[in-house]
Amino acid sequence: MLSAIVSPTKWLSKRNRVILCFILALFRLCHLQRKAFGFLRRGERKISLAMESTLKEMRNGDCVLDMNNSKCVGGGVEDIYGEDRATEDQLISPWSFSVASGYSLLRDPRFNKGLAFTEVERDTHYLRGLLPPVVLSQELQEKRLMHNLRQYQVPLQRYMAMMDLQERNERLFYKLLIDNVEELLPVVYTPTVGEACQKYGSIFRRPQGLYISLKEKGRILEVLKNWPTRHIEVIVVTDGERILGLGDLGCQGMGIPVGKLSLYTALGGVRPSVCLPVTIDVGTNNKKLLEDEFYIGLRQRRATGQEYAELLDEFMSAVKQNYGEKVLVQFEDFANHNAFELLAKYGTTHLVFNDDIQGTASVVLAGLISSLTILGGTLADHTFLFLGAGEAGTGIAELIALQISKQTNAPLEEARKKIWLVDSKGLIVSSRKESLQHFKKPWAHEHEPVKELLDAVKAIKPTVLIGTSGVGKTFTKEVIEAMSSFNKKPLILALSNPTSQSECTAEEAYTWSEGRAMFASGSPFDPVEYNGKVFVPGQANNAYIFPGFGLGIIMSGTIRVHDDLLLAASEALASQVTEENYAKGLIYPPFSNIRKISANIAAKVAAKAYELGLATRLPRPEDLVAYAESCMYTPVYRQYR
Ligand SMILES: O=C([O-])CC(=O)C(=O)O
Ligand SMILES: [Mg+2]
């Protein structure tokens, strides 16, 4: 009798045993959850229950699923977890995901709405008394902040105010950036971000992004797990060795991945929660920083060779292990020698993209394609001269050559002959071949040696002059005058960043060419009045490309970057320049329309990826533009239950 009671097999039918096991499993699950939330306060537990009850309205895959019309939407009614809901393994790992309420909710930038919390939310989420009585709309908050921002005369103060906002109220930050993109791009991006990196130690408040230094060698996977979100789709990583045209800024280069990723979100609609800025700190050779008492990085000279390679290798492996195959890793502002090597090394095993080589190339090619509408002829009819033969210069040159060779069916070597490069030692010519770095060798054409840019301009007679040297003031009056002497409309692209490193200013280009130059630059310039006519300079910055390019890759589940995807992005961008833009002298569409532009770029990139068999997200959406738009993050506040 006793044994019948203690042995369930005796008194439970098979069916009831299954039910019992199920109930026990349920208890176990609840227990684990309670454990994970055990340290939370009453309100926080309540929110997690609210989350469970609204699960059906939550994200499906990458988007928030709107049950009424079954399409992806951003915003809408959400629980407090919103898009960053923890996965089961996070709940039980030592890196537990916690939910904010009350005081901590106001201090979590991902969920904070400040004075816009409604009366109901203030009650439900324990905010009573923690806020003054007024309830403001997001629009009014935006108006107030823009007003405050405009009071600052110093650009760096505006940058700091924007970073504070990003760290305080993420959705409001993106609302400001999206609605005022032309005004705020120069604040969170070039040129101000350059100055911010130079002074990053002095202005440091809250850490942004993930710092991986030599101290973390052997523990990088662990470091990745310290980041609060597990699901990452884009990483922008720098080692700080060539920040814009400002050189080695070491660990303080972090401003760049942070800035680039805020553009991924604002311009390309990639959700902020899936973006991860990373700075790899292997030291710096910048003497001034090493002696700066406020420097935030490792105080040592740069590690090179095997030590450097091993750290990068550990990082790339850890990224794949933690986030899977489909995370896009964007290399940014590495020095030439590492930039080319990393792209070649990881290009076949990882989803990698070098913004300075490939993104800049794609944006410049777009500008060249669009300028043909005014200049006439085909790309092959033009002659190109570069000042600067690093990652940007040779990257652009190679993509132009690829496009010419596709259009003319000529071999790539033949197409390259239309393109000439000048580096610090003069024109790259065949007699220099032996001593050239490998990425310069394809450009060593037959020509007698020429030392100076001006002489190279006179000898080659280019129709297009492109500056990628990172050295400012190098397109002198004589150079622009020479370009104007044999071209009716010389195309001048001064691409180096920030503004201080620009090869010439917009005003110089228009004035010295007597109003005939077509001009675009990497950093923004204001419109210029010359001889009673207003010229609007375009901004040939990779910010036109990488946000839409990345969105296209992510939404199609593309597994490798291919040159044809870059060409597709260039054509998509060029096709969006309107008659009205041309009339103002623009060869790029204005940034004010960038989200639409990015959606179109994303669609064309994804279409090409499907065509090449690189896209894994199936079935292929029929209308890729509509799909891209439906996936884009919008920063309107969500209502919390
Ligand atoms: O960040 C920018 O403005 C463009 C860029 O990639 C660079 O100059 O390195
Ligand atoms: Mg860059």
Side-chain angles (χ1 to χ4, degrees), residues 64 73-78 80 82-84 100 105-122 125 127 130-190 192-193 196 205-206 208 255 258-273 275 524 543 547 590-599 629 632-640:
V64 179
V73 292
V77 178
E78 284 234 6
I80 214 93
E83 296 155 359
D84 300 323
L105 175 55
L106 289 178
R107 271 150 190 79
D108 191 329
R110 291 168 301 172
F111 309 122
N112 181 28
K113 302 203 268 182
L115 293 177
F117 278 111
T118 62
E119 300 289 354
V120 175
E121 287 168 339
R122 291 175 190 212
H125 299 292
L127 297 168
L130 300 184
L131 290 162
V134 75
V135 176
L136 293 187
S137 67
Q138 195 178 17
E139 286 65 33
L140 206 54
Q141 289 182 308
E142 179 179 6
K143 187 176 168 191
R144 179 169 54 88
L145 279 165
M146 285 307 296
H147 172 79
N148 290 347
L149 216 55
R150 288 174 185 140
Q151 306 300 309
Y152 294 118
Q153 296 305 315
V154 180
L156 193 61
Q157 286 176 332
R158 292 187 182 198
Y159 175 87
M160 287 161 68
M162 282 301 280
M163 291 305 105
D164 281 350
L165 178 60
Q166 189 174 22
E167 287 305 305
R168 186 170 76 239
N169 182 336
E170 188 176 85
R171 281 184 180 255
L172 193 53
F173 168 82
Y174 282 113
K175 180 129 178 61
L176 254 71
L177 195 48
I178 291 169
D179 292 350
N180 306 278
V181 65
E182 290 194 312
E183 184 175 347
L184 294 183
L185 215 53
V187 176
V188 301
Y189 193 58
T190 185
T192 313
V193 71
R205 295 190 194 193
R206 273 180 169 223
Q208 292 179 294
V258 168
K260 292 272 173 186
L261 282 165
S262 50
L263 268 49
Y264 258 99
T265 299
L267 277 46
V270 177
R271 283 180 291 123
S273 61
C275 297
F591 269 112
S592 52
N593 211 12
I594 188 66
R595 292 197 30 125
K596 182 88 199 149
I597 295 166
S598 294
E629 280 175 340
M632 287 172 97
Y633 165 90
T634 54
V636 289
Y637 286 141
R638 295 165 298 175
Q639 286 164 30
Y640 303 135

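No experiment lies behind these values; they were computed from the predicted model shown. Just so it is clear, the values below take in all heavy atoms, side chains as well, and ignore hydrogens, waters and symmetry mates.
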salt_bridge(E183, R150) N-O dist < 4.0 Å = yes
4.5 Å side-chain heavy-atom contact, R595 and E629 = no
Taking all non-hydrogen atoms of both residues, which atom of L267 and which atom of S598 are closest, and how far apart?
-> O-OG, 2.8 Å
What is the minimum heavy-atom distance between Y174 and L261, and which atoms define it?
-> OH-O, 4.3 Å
Should the ring pair Y640 and F117 be called parallel, tilted or perpendicular, given that the plane angle runs from 0 to 90° and is split at 30 and 60?
-> tilted
Can Y637 and N112 be counted as having a side-chain donor-acceptor contact under 3.5 angstrom?
-> no
Taken to the nearest 0.5 Å, the spacing of T265 OG1 from R271 CZ works out to 9.5 Å
Checking side-chain contact (heavy atoms from CB on, under 4.5 Å) for the pair R638/R171: CA distance, chi angles, key distance, verdict?
-> CA-CA 9 Å; R638 295 165 298 175; R171 281 184 180 255; 3.4 Å; yes
Atom CG of L172 and atom CD of E170: how far apart are they, to the nearest 0.5 Å?
-> 11.0 Å
So CG of L127 and CG of L130: to nearest 0.5 Å the spacing works out to 6.0 Å
Does P186 offer a backbone N or O that forms a donor-acceptor pair with the side chain of T192 under 3.5 Å?
-> yes
Taking all heavy atoms of R122 and all of P132, pick out the closest pair and write down the distance.
-> NH1-O, 2.9 Å
For the student: nearest non-hydrogen atoms of L131 and G114, plus distance | CD1-O, 3.8 Å
What are the two closest non-hydrogen atoms of F173 and S262, and how far apart are they?
-> CE2-CB, 3.9 Å
Quick one: CG on L115 to CG on L106, what's the gap to the nearest 0.5 Å?
-> 9.5 Å
Can you tell if the side chain of L184 reaches within under 4.5 Å of the side chain of M146, non-hydrogen atoms only?
-> yes
Would you say N169 and P109 make side-chain contact, with heavy atoms under 4.5 Å?
-> no
Taking all non-hydrogen atoms of both residues, which atom of P590 and which atom of E182 are closest, and how far apart?
-> CB-OE2, 3.7 Å
M160 side chain reached by Y152 side chain, heavy atoms, under 4.5 Å = no
Got Q166 and V188 here, is their nearest side-chain heavy-atom distance under 4.5 Å?
-> no
Using a 4.5 Å cut-off on heavy atoms from C-beta on, say whether the side chain of L185 contacts that of N180.
-> no
Can you check whether P547 reaches V270 side chain to side chain, under 4.5 Å on heavy atoms?
-> no
Are any of the side-chain nitrogens in E121 or K113 under 4.0 Å away from the carboxylate oxygens of its partner?
-> yes
Got L176 and L145 here, is their nearest side-chain heavy-atom distance under 4.5 Å?
-> yes
Find the distance between CG (L149) and CZ (R144) and round it off to the nearest 0.5 Å.
-> 12.0 Å
Here the gap from Q141 atom CD to K143 atom NZ, rounded to the nearest 0.5 Å, amounts to 13.5 Å
Could you tell me whether K175 and D179 make a salt bridge, using a distance below 4.0 angstrom between a side-chain N and a carboxylate O?
-> yes
